[in-house]
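Scroll down for the structure; my scribbles are underneath it.
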2 protein chains.
Amino acid sequence: MDDRAKRIRTNRPGGKADTVKVDLTAVVVALSDNEPCVLTIGQTDTLPSGPLALEHRSLQSGLRAWVEEQTGHPLGYIEQLYTFADRDRAGTELEQRVISISYLALTRKEHAAAPSRSCWQSWYDYFPWEDHRAGTPPMVSDVLRPRLIEWADGADDGATRLERRRRAAIAFGFDERPWNEDLALKRYELLYEAALVEEAMRGSVLPPPVRGKSMVADHRRILATGIARLRSKIKYRPVVFELMPPAFTLLQLQRTVEALAGRLIHKSNFRRLIEQHELVEETGDTATETGGRPAKLYRFRHAVLEEGEVAGAKLPLARG
Amino acid sequence: MDDRAKRIRTNRPGGKADTVKVDLTAVVVALSDNEPCVLTIGQTDTLPSGPLALEHRSLQSGLRAWVEEQTGHPLGYIEQLYTFADRDRAGTELEQRVISISYLALTRKEHAAAPSRSCWQSWYDYFPWEDHRAGTPPMVSDVLRPRLIEWADGADDGATRLERRRRAAIAFGFDERPWNEDLALKRYELLYEAALVEEAMRGSVLPPPVRGKSMVADHRRILATGIARLRSKIKYRPVVFELMPPAFTLLQLQRTVEALAGRLIHKSNFRRLIEQHELVEETGDTATETGGRPAKLYRFRHAVLEEGEVAGAKLPLARG
DNA sequence: TGCGCTTATATTCTCATTGAGTATAATCGG
DNA sequence: CCGATTATACTCAATGAGAATATAAGCGCA
């Protein structure tokens with residue numbers, strides 16, 4: 001049966017089995033002082049990445065090897081993000097197709113031995129419109145909204161104009177709509193489509209119309225994919241703990257989630273939820289850091305990882 | 001900046017940029033008479049698939065081309081599933097690595113013009129333990145449980161034995177644990193690890209210990225990935241409607257979701273939820289099919305797709 | 001016609017979860 | 001010992017989920 005099927009799948013006209021190069025790209029996330037950071041190579045706004053080679057046993061091991069070689073940082077938790085294969089990806093080289101398999105990795109900065117050529121960058125440097133912890137950033141209504149409306153009104157027919165306005169309103173929470181932090185990727189893609197980010201106007205002499213650092217090739221899009229994935233995942237799986245030190249206070253945990261989500265959380269409800277699901281257990285020690293009453297230290301209960309898909313561990317993200 | 005980064009990413013020792021072949025594989029799902037079906041090629045237990053070729057503009061278009069050529073079935077909604085690159089995937093051919101990019105597609109059987117070489121197979125033929133609509137299938141406690149316990153007890157040290165037992169109990173809902181339909185992939189991987197499915201014992205002369213048709217290469221694993229993705233996705237995004245005819249009754253809709261989830265739904269709660277979220281609107285007609293009071297016909301409100309990520313559209317799947 | 005069968009639709013009643021606000025406890029620096 | 005600061009505990013209303021029951025509208029057939 002195996003053989004018959006193989007024949008069927010390969011002996012077909014038009015099936016020139018062209019070869020491609022595979023690029024492995026990593027979005028490595030860690031927290032630094034309540035800022036969500038991504039690992040880049042030096043100051044180049046480039047994510048760690050490299051070609052898949054024969055010596056790599058698997059995609060994951062290839063990725064780990066590249067990240068470790070380029071940044072000196074060993075990886076723990078990783079998860080596949082997406083496989084991109086835009087033909088116009090690397091610009092002009094059309095003779096050889098390159099597909100890019102991206103991964104999300106969660107670690108802690110301390111795990112890095114030497115700073116070496118690596119560099120931690122707050123991801124809000126690349127997406128300043130994504131941080132709503134201190135309220136909606138002024139640029140959303142001052143810059144993005146008018147530019148997006150301008151873009152929408154530039155459409156040929158009225159249906160498209162309405163459609164564009166609606167998409168922008170949903171993605172960015174215009175017109176009394178709620179802000180949805182999970183839509184980070186859609187927002188970036190919308191700005192790209194509206195040619196408001198630098199990547200969409202490569203080759204142009206005009207300055208990028210919207211503030212926010214750009215990245216090499218499609219790396220900012222990959223980063224946006226990672227952010228969106230992480231933001232939605234922390235709501236139903238206890239992955240935040242990959243970013244936490246062995247012992248932490250509940251407030252530290254809350255600040256971490258807030259940093260990732262880019263919005264504030266209701267304190268008591270957050271604590272109630274964490275305790276309800278028995279995600280943590282007390283270490284017995286207390287933290288005496290800042291002024292005020294000392295906080296109990298907790299550690300993650302690794303057992304919960306084996307207790308199934310932690311149903312309904314929804315994090316109570318506060319509303320507007 | 002683009003150029004500098006490109007140099008950094010490619011001029012590195014050990015970076016032999018080996019080329020690979022890319023295989024595109026589709027899990028095409030449709031409903032037939034309240035059975036969730038997957039599109040296969042003839043009777044070969046093979047998913048539609050083919051190599052990515054230069055003439056394909058993108059991964060998606062390549063996939064569409066292959067599926068249409070092999071089955072005559074045009075695709076509507078598709079979504080990327082996962083990229084596999086097991087070195088031992090295709091068996092023995094180690095000189096050329098093959099990675100497999102898989103997609104999930106949702107359609108309706110009627111869309112196919114001619115039956116041609118395609119064939120719709122109930123996915124429960126491949127995963128008989130996944131259908132809990134008529135209660136937990138006997139094979140779960142009669143076959144799977146003893147075999148998995150046997151496998152667990154075959155481990156060297158006690159810790160691994162406990163760990164295996166726990167994993168099995170979580171995945172299959174042993175020991176009073178609830179059944180979680182979303183874990184379809186974990187269940188298959190567990191059975192594979194325990195060498196209880198045919199794919200895990202290729203080359204052996206022994207018969208497969210667990211009932212359920214196998215598929216070519218790793219296609220059953222890809223199918224399991226698709227099932228798991230679809231089962232979890234119907235809970236927060238209105239993708240079911242891709243599988244529905246233009247007009248349908250609420251009961252038909254419920255039966256469809258039940259078929260996908262492999263478990264029953266509480267009727268009134270289901271209707272309440274659908275109406276609450278305004279996912280559908282009445283067509284004005286009624287269905288006079290079976291005996292009993294005629295049911296109102298509804299159509300999907302496509303507007304909701306543009307109303308953001310349909311927050312909390314959780315489907316009320318009934319408990320034990 | 002009307003009775004029973006079947007399916008559709010509406011209503012009600014808990015109980016758990018969620019969002020939000022308020023109160024009390026413990027430490028520190030003066 | 002006071003007030004600033006942070007931690008932890010408790011309360012309350014609104015909402016949503018699960019489950020059960022009631023009523024409506026067709027059909028077939030005596």
Side-chain angles (χ1 to χ4, degrees), chain A residues 34 132 178-181 234-236 247-258 261 263-299 310-320, chain B residues 34 132 178-181 234-236 247-258 261 263-299 310-320:
Chain A
N34 286 339
H132 287 230
W179 173 258
N180 184 345
E181 67 278 1
I234 51 174
K235 282 166 200 145
Y236 63 96
F248 48 84
T249 70
L250 290 183
L251 186 59
Q252 284 174 324
L253 183 62
Q254 180 181 343
R255 294 276 176 259
T256 301
V257 174
E258 288 174 338
R263 69 188 317 181
L264 298 182
I265 292 176
H266 191 286
K267 191 165 177 172
S268 355
N269 295 344
F270 178 77
R271 305 174 119 264
R272 175 174 61 190
L273 185 122
I274 298 292
E275 283 158 3
Q276 243 173 19
H277 291 275
E278 297 177 302
L279 295 176
V280 297
E281 60 193 2
E282 301 184 11
T283 66
D285 300 321
T286 54
T288 55
E289 303 158 38
T290 58
R293 173 175 171 177
K296 287 184 194 160
L297 282 172
Y298 294 85
R299 75 171 71 89
V310 188
K314 280 205 165 182
L315 290 170
L317 294 165
R319 287 184 181 162
Chain B
N34 285 340
H132 287 230
W179 173 260
N180 184 345
E181 68 277 2
I234 50 174
K235 282 166 201 144
Y236 61 94
F248 49 85
T249 71
L250 291 183
L251 186 60
Q252 284 174 323
L253 183 61
Q254 180 181 346
R255 293 279 175 258
T256 302
V257 174
E258 288 174 337
R263 70 189 316 182
L264 298 181
I265 293 177
H266 193 287
K267 191 164 173 172
S268 356
N269 296 345
F270 178 78
R271 306 173 117 264
R272 174 175 60 191
L273 187 121
I274 298 292
E275 283 159 2
Q276 243 173 21
H277 290 276
E278 297 179 301
L279 295 176
V280 298
E281 61 193 3
E282 301 184 12
T283 66
D285 299 321
T286 56
T288 55
E289 303 159 39
T290 60
R293 172 175 173 177
K296 288 184 194 161
L297 282 171
Y298 294 84
R299 74 171 72 90
V310 188
K314 280 205 165 180
L315 290 169
L317 294 165
R319 288 183 182 166

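No experiment lies behind these values; they were computed from the predicted model shown. A note on names: the letters A, B, ... follow the listed sequences, proteins ahead of strands, and every chain is numbered from 1.
- The distance between atom CD of B:Q252 and atom P of C:dT7, rounded to the nearest whole Å, is 13 Å.
- Following rounding to the nearest Å, A:K235 (NZ) and C:dT18 (P) show an atom-to-atom distance of 14 Å.
- B:H266 places its NE2 atom 18 Å from the P atom of D:dG16, with the value rounded to the nearest Å.
- Not counting sequence neighbours, the partners of B:R272 by the side-chain hydrogen bond (donor to acceptor under 3.5 Å, both in side chains) test are B:N269.
- Proximity of A:I274 to A:Q254: side-chain heavy atoms (C-beta onward) are nowhere separated by under 4.5 Å.
- Partners of B:E281 by side-chain hydrogen bond (donor to acceptor under 3.5 Å, both in side chains), not counting sequence neighbours, listed by chain and number: B:R299.
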Pairs under 3.5 angstrom, nitrogen or oxygen only, protein versus nucleotides 9-12 of chain C, please.
| residue | atom | partner | partner atom | Å |
| --- | --- | --- | --- | --- |
| C:dT9 | OP1 | B:K296 | N | 2.7 |
| C:dT9 | OP2 | B:R271 | NH2 | 2.3 |
| C:dT9 | O5' | B:R271 | NH2 | 3.4 |

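- Residues that satisfy the side-chain hydrogen bond (donor to acceptor under 3.5 Å, both in side chains) test with A:Q252, not counting sequence neighbours, are absent from this structure.
- Remark: C1' of C:dA8 and CZ of B:F248 are 16 Å apart, rounded to the nearest angstrom.
- Look at CD on A:E282: it is 14 Å from P on D:dA7, rounded to the nearest Å.
- By the salt bridge (Lys or Arg N to Asp or Glu O under 4.0 Å) test, A:K296 is found to be paired with A:E282, residues two or more places apart in sequence or in another chain being considered.
- For the pair B:R263 CZ and D:dG18 C1', the interatomic distance rounds to 13 Å; values are reported in whole Å.
- Whole-Å rounding puts the A:Q276 CD to C:dC15 C1' distance at 14 Å.
- Residue A:E181 comes nearest to A:K235 through the heavy atom pair OE2-NZ, 2.6 Å, listed as atom of the first residue, atom of the second, then distance.
- In this entry the distance linking CZ of A:F270 with P of C:dA20 reads 16 Å, nearest Å.
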